[in-house]
Chemist: 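Okay, here's the structure, questions in a sec.
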Amino acid sequence: MLVRRINLTHSYRLFNKLVNKQSPTLSTLCKCNNISQYRWFKTDVSRNNENVTNRSSIMVSGGMEKNSSKFPFHAQQSSLSSEELLEKMFTVLSADIHQKRRVYKNDLIKVINKVKELKFSSNKQGLLLIKCCGDLLVDETPSTRMDLLEQVGDINQATEVISNMKARGLPATEHIFCSLIVCQGKSGNLNNIQEVLTMMKSLKLNLTINTYTATVRAYIFNKKDELVLKEMHKAQQSGLQFDETHIMNIVKTLASVSLYELIPKVLKYLPEDILKTPSITPYMQSVATSLVYQNHPMAALEIYKCLPIPSFGPKDDQGLHGRSLVRDCVRASMGSSIIGLIAQELMSSGRNPIALQNACETALRLGKVPLALDLLTRMKQLGMPIRPHYFWPILLHTSKTYGEKGIMNTLSTMMMMEVRPDYETIMTYTLPYVSFTSPQNLMKKFQDAGLSATTVLTPMMETLLNTGQVRAASEICELFEGKVDTEILLRPLVKGYLISLDVKSTIHILEDVTAKAIDKNKDWVGRFLCVFIKHKKVKVDLSDFMAIIQALKGTSLKISTTAADYCMTRLPDTYDEATVEKFKRTLIDITDEKLVDDNDMFVQQMPHPKNMNEESLRAHLCELEAKNMNTRGVLRKLLLQYCKENNLKAALEIVDKCQKEGVFLSAGMKAAIFDLHVKLGELESAELVLNDLNKTFPNFTLDEFKLIDFATLMVYKNKIKQACELINEHSKKKRVVGGRSISMNCWRLLDAVAAQGTAKDTQRMFELLTSLRYCKPTNTILGPLIRVHLKNNNLEVAVQEFENLASKYSSTPMKHELLCNILTAMGDGGSEDTFIVNEKRNSGLNKLVQRILSVNKKVHGSGDVQLTLIAALTEVGYKKTLRRLLLDPTVKFHPDALLRRCERFADEKKVVALEMIADCIKDLRLFDVEEIYNLILDVYQRDNDCQEGLALWYKMQDADVTPSQKFIRNLCSLCISNKREIPSDLEILLDKHNKKATST
């Protein structure tokens, strides 16, 4: 029997031959030639017959089996001894190391498991495994490498392994020794720990906090409580400090062996700044999450309990602290008793007064209905408020699972918890999922579930009316006693009537809703007609409206005079006099002068203060003061309006008025005044307002825009250090959002530091803003780091900084400005003749130019280098050099790229630069000079400068440049808008183009 490995990339025919010869029932192999596929074939030489032994084992991409190990020895396993198989697995690892300079985690784990199974490995193999647990695991984190290293080798031969490593020149680092200590602890060999420590001393490796942490973990694995605390105390006495990473590793180890009682004592060794801050750090939170998912929720709770209890302001989110813990417990499918216990602890300690509500909310979002109901029951027992919208996800879930029965059961549960469903719960989350085949039976079902007729009558009638079932709506309104929210039903009643044209049922509904209205002091019939008269159908056909008011004459229903007047004034002008007269008489017949209703729709409403301008607000304020009414809202709006308009005098008048009248100034109003002082550059006044704001509202935090602008003002007042401290403190109080919207504010701050401070100040501010995530290191943000050197004309240092930033961030900040400064310096202030001489001398400045262009080539490619140089030469006015560069046949770039750069000049209104480029490319076939003149004219159009536009036209004539049709139209338009006479020769060209366009 032979085992052969056949490459099937181009052997499909051979495979078919083999399959057809032996087993025609086998499925055919994919004919794809793009993937190397292998199969193991077992060949019986004696019978000259080949069989596929494993049809599912297709090896993809050069031998790697899909969804399997890269060790394809299963076909040969019966003929190999365990030692031979292990040796082959090590051979594959060695091949990966030498060929790919890496190993794969899954392959390494299989080898380690095989070694554990055989309980044997040679010293050489042990060394190879240790080597594999290092940088060769390129895709894995240091913690994963540490865990794998702890599994490697024969623990009892640790000393021998280290000796072999030393003999072979492999570095024995503290990292390896710490892993050995942990391994000794897991194996219960505590006596060997001292041997490892002695060996470390012999190798002159100092015992750091990592070594103490490993020793502590070793003791934990053996549940040596006293030794754990003793070792931690010893580390502290040695002047070492455990950071949160070390403590969290110890906590995870304690949880793994269920030593929960030690966790609070261990957490006391956290750094002091962490123990004094109520907010949990991101790393500690991630550890708490992992503990929850490892079924150690109480250990996770201890992490939160070691932190101080937060204090909450009136606007603070009281559910923030510990929210992630209860959410993780819900996501990890913890029992409701565990979740309830953790939530109760967070609530009773004052860390999170709504922890149970957080847990319930998470359960509802995740569709964990049984858990959510258990948590709602606990909330009810604790006297916490339960609102109808908590049941919306439950209603949706039960409707999908159990249909109408599930809906009714959920409503029954709500009533048992004394939670009355509101209008939206019934209308949106109940009625769409029940049957309206018999509305009366449906109403009875709701009553059986404990709901009153008043709760469901209005939404049920609205649903029926919207579908035109006016009679059914009339019946349930008549049969079931309850109150109706008539205001909601007015529009649906109009809609239902126009669908069904059932006048009789509509009149019955008007009678019933008037009698059963929650508010009976309103003219509901008149309001119904006012809604009806505004319907678009009335504009073309009045018969349906007339049918209703004719029917009302035979009832006791009446309307108010205001409603009648409203309907008369809203009657379209399209009807003749006879129809209008009949309409008015009928309305008068059903009008009762004693009926009064001051409905808002009958009068012209005054706009809300939020929609008023400053003048209207002033008038409204006077009106309110005359009536002795509350003016706080209008004063606040006026103050914000004046702050928005930068009207400090008027804003301070409003502040004085508020103080005299005892109107409370909110935090937002004071923040607006503060921001106004900042915008006007009044630092001392801004500081006074800010101090008052912090004193009055200690929990209020300025938004990032106001903060950065304030810091910018401080910088301009030579308070750079204080500005840095302000930004740093703000980041500790409030989570930084940052983003593009604030990037320009950050740039202005950095630019101010570059102008007022030193290079070190600018670098410090940049690192502060980027590290705290206020902004990202974009090309714009990096600019001030170059500008701070240019202000002192320190070109060499500026270029060096430019190279550093390009290397670190792949950006070229201030590239154009830097080149222009150097080119100007080469011309000794701007003389092109001097520049040409210095250029030929290959001076130091020339080398700086070459360095900038070299960096630019690396970042943006060779195509951008020539354009960069052209733009700089144009900016500094070196026309001869620019012309020579454009005529050079070795200088190659796309003409459209130059046009885009010219568009940027046009945006910046740099007409001189555009005219220079136009002169230099005039005779060059590849470039369209007409487009450049179009851009120049665009600048004059934006400035509405007709005189310069005509001057440009004459320049083109002198240069013998034919204008484009677009240029002629735009120039003529510019003349007309400025009421200037169009030159005759220009008018001839315009007529010529117009005739040509007409003929085509």
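Computed from a prediction, not measured in an experiment: that's the story for all the values here.
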Chemist: For K276, is there an ion pair with E272 - N to carboxylate O distance below 4.0 angstrom?
Modeler: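 Yes, charged N to carboxylate O under 4.0 Å.
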Chemist: Test side-chain contact (heavy atoms from CB on, under 4.5 Å) on I917 and F905; report intermediate values, then the result.
Modeler: CA-CA 11 Å; I917 291 178; F905 279 138; 4.0 Å; yes
Chemist: Just wondering, do L914 and C902 contact through their side chains at under 4.5 Å, heavy atoms?
Modeler: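 Yes. Closest side-chain heavy atoms under 4.5 Å.
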Chemist: Less than 4.0 Å between a side-chain N and a carboxylate O, is that true for K732 and D273?
Modeler: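 Result for this pair is no, no salt bridge flagged.
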Chemist: Listed by chain and number, what are the ring pair (Phe, Tyr, Trp, His ring centres under 6.0 Å) partners of F710, not counting sequence neighbours?
Modeler: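 With sequence neighbours excluded, F710 shows a ring pair (Phe, Tyr, Trp, His ring centres under 6.0 Å) to F674, given in chain and number order.
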Chemist: Would you say that L267 contacts M248 through its side chain, given a criterion of any heavy-atom pair below 4.5 Å between the two side chains?
Modeler: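 Answer yes - side chains close enough.
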Chemist: Only pairs at least two apart or in different chains count here, so list each salt bridge (Lys or Arg N to Asp or Glu O under 4.0 Å) that has a residue in residues 903-918.
Modeler: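 Listed once each, the pairs are E875-K910, R904-E908, E908-K910, K909-D943, E915-K955.
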Chemist: Taking it one step at a time, do D761 and T758 satisfy side chain to side chain donor-acceptor pair (under 3.5 Å)?
Modeler: CA-CA 5 Å; D761 293 333; T758 63; 3.1 Å; yes
Chemist: Does E796 come within less than 4.0 Å of R851, counting only side-chain N to carboxylate O?
Modeler: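 Judged by the 4.0 Å cut-off on N to carboxylate O distance, E796 and R851 do form a salt bridge.
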Chemist: Applying side-chain hydrogen bond (donor to acceptor under 3.5 Å, both in side chains), which residue pairs with at least one partner in residues 762-774 are found, sequence neighbours left out?
Modeler: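 The answer is H730-Y774, Q763-E767.
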Chemist: Quick one: which residue pairs count as a salt bridge (Lys or Arg N to Asp or Glu O under 4.0 Å) with a foot in residues 665-686, not counting sequence neighbours?
Modeler: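 Residue pairs with at least one partner in residues 665-686: K670-D692, D675-K679.
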Chemist: Any sub-3.5 Å donor-acceptor pair from N838's side-chain atoms to M826's backbone N or O?
Modeler: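 Checked: pair present.
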Chemist: Could you tell me if the side chain of F893 sits less than 4.5 Å from the side chain of I870, heavy atoms only?
Modeler: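 I870 vs F893: side chains touch.
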Chemist: Which residues satisfy the ring pair (Phe, Tyr, Trp, His ring centres under 6.0 Å) test with F802, sequence neighbours excluded?
Modeler: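 Not a single residue meets the ring pair (Phe, Tyr, Trp, His ring centres under 6.0 Å) criterion with F802.
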Chemist: Quick check for you: to the nearest 0.5 Å, what is the distance between H321 atom NE2 and R351 atom CZ?
Modeler: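 These two atoms lie 10.0 Å from each other.
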Chemist: Quick check: closest heavy atoms across N792 and V788, and the distance to 0.1 Å?
Modeler: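 For N792 and V788, the tightest heavy-atom pair comes out as ND2-O, 3.7 Å.
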Chemist: Is a donor on one side and an acceptor on the other found under 3.5 Å between the side chain of N856 and the backbone of I852?
Modeler: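 No, because the side chain of N856 does not come within donor-acceptor range (under 3.5 Å) of the backbone of I852.
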Chemist: Does any pair with a residue in residues 739-748 pass side-chain hydrogen bond (donor to acceptor under 3.5 Å, both in side chains), and if so which ones, sequence neighbours excluded?
Modeler: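 Every side-chain hydrogen bond (donor to acceptor under 3.5 Å, both in side chains) pair that includes a residue of residues 739-748, provided the two are not neighbours, is D709-N745.
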Chemist: To the nearest 0.5 Å, tell me how far L899 CG sits from I932 CD1.
Modeler: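 Answer rounded to 0.5 Å: 5.5 Å.
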